[in-house]
**Student:** 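Can you read through this structure? Questions will come right after.
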Amino acid sequence: MSYCFECPVMCGADRENGEVGVCCAGGCSFVARAARHYYEEPPISGTRGSGAIFFTGCNMRCVFCQNHEISRGLPEDTASARPVDAESLCDTMLRLQELGAHNINLVTPTPHVRLIERALPLAKARGLVIPIVCNTNGYERVETLKRLEGLIDIYLPDLKYVSPRLAERYSGRSDYFEFAGPAIKEMHRQVGCLELDGEGMAKRGLIVRHLVLPCAVDETRRVLDFIKAELPLETCISLMSQYTPIPGMKRPLDRRLTKAEYRRAKEYAVSLGFTNVFVQELSSAEKEFTPEFDGYFE
Ligand code: SF4
């Protein structure tokens, strides 16, 4: 049976026979960029960069998506996108390792899990030894994640919202937290808290990302409350301030985060007792941190 039920959308697209799913992925997977990326968290990017492989398509529709060029629309219409199969994906991963990337960073991989399940064992058999990162929006089915157990070393999920109202308003998915909460617990079950090697690079574990949004520090508090209630206090959290409005955004998303909003978010994380929190400078909200999707394959 070829119907796709990989993610919580459960749209059942017959992708193997060419039907395109809600995520805009069809029978063939496409990659828009495969290159070393220097703007992830320090233990992911290090000095030599993270070997980021940006797949096209996405199962969410965040109004503020910085990767909208590749996350929406058919891959055939994305000028930079190249089709990949298990062999070529394997070659790409080995090439990034040869170039010195600290890890392989699979960005928005969920619609492509079947391909990844085939490509990773192939690449490992051919000498891929650097850690594999699953970089996801968090909107995942636990059943799908279980298939990745043993293949993924580091989970880097977003936890965007707890409230159905905000999840619907900004991402069109009122059930986001219903899935993201259990998914993040499953990721932690598989890989545990973040472990670093002797050079301070991530070798295994979970980093939960949360983007603080304008006028939504209360939502950040709900997210942090969930992490405190369900995961160990040493869970690594990346509290991001890099929200950048895209042209035409409506209030309150038409501006960047204020210093006061970000300070309140950080203070709340500290007050809950988290010991492992990455914070950003507000200057991180710059265009240069968003990769150009120009078909660049290193
Ligand atoms: S991964 Fe895409 S095609 Fe598959 S269920 Fe989700 S939205 Fe549908």
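Remember, it's 1-based here, ligands and their atoms both numbered in the order they're listed. Count residues from 1 along the sequence.
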**Student:** Just one of N105, L89, V84, V107 clears the side-chain contact (heavy atoms from CB on, under 4.5 Å) bar with I53, so which one?
**Tutor:**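 The residue from N105, L89, V84, V107 that satisfies side-chain contact (heavy atoms from CB on, under 4.5 Å) with I53 turns out to be L89.
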**Student:** Please verify the inter-ring angle class for F179 with Y139; under 30° counts as parallel, over 60° as perpendicular, anything in between as tilted.
**Tutor:**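 Perpendicular: the ring planes of F179 and Y139 meet at over 60°.
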**Student:** Given a cutoff of under 4.5 Å between side-chain heavy atoms of I, L, V, M, F, W and Y, with clusters grown through shared members, what are the other residues clustered with I154?
**Tutor:**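 When side chains under 4.5 Å apart are linked, the cluster holding I154 also contains I44, V133, L156, L194, L196, I207.
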**Student:** For residues 37-56, pull every pair meeting salt bridge (charged side-chain N to carboxylate O under 4.0 Å, His left out), keeping only residues two or more places apart or in separate chains.
**Tutor:** E40-R209, E41-R209
**Student:** Mind checking what makes salt bridge (Lys or Arg N to Asp or Glu O under 4.0 Å) contact with E87, not counting sequence neighbours?
**Tutor:**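 Result, salt bridge (Lys or Arg N to Asp or Glu O under 4.0 Å) vs E87: R126.
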**Student:** Closer than 2.8 Å to atom 4 (Fe) of ligand 1, which protein N, O or S atoms?
**Tutor:**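 Result, waters dropped: C4 SG.
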**Student:** Taking the six-membered ring of F54 (Phe, Tyr or Trp), confirm whether the NZ or CZ of R33 is under 6.0 Å from its centre and within 45° of its axis.
**Tutor:** no
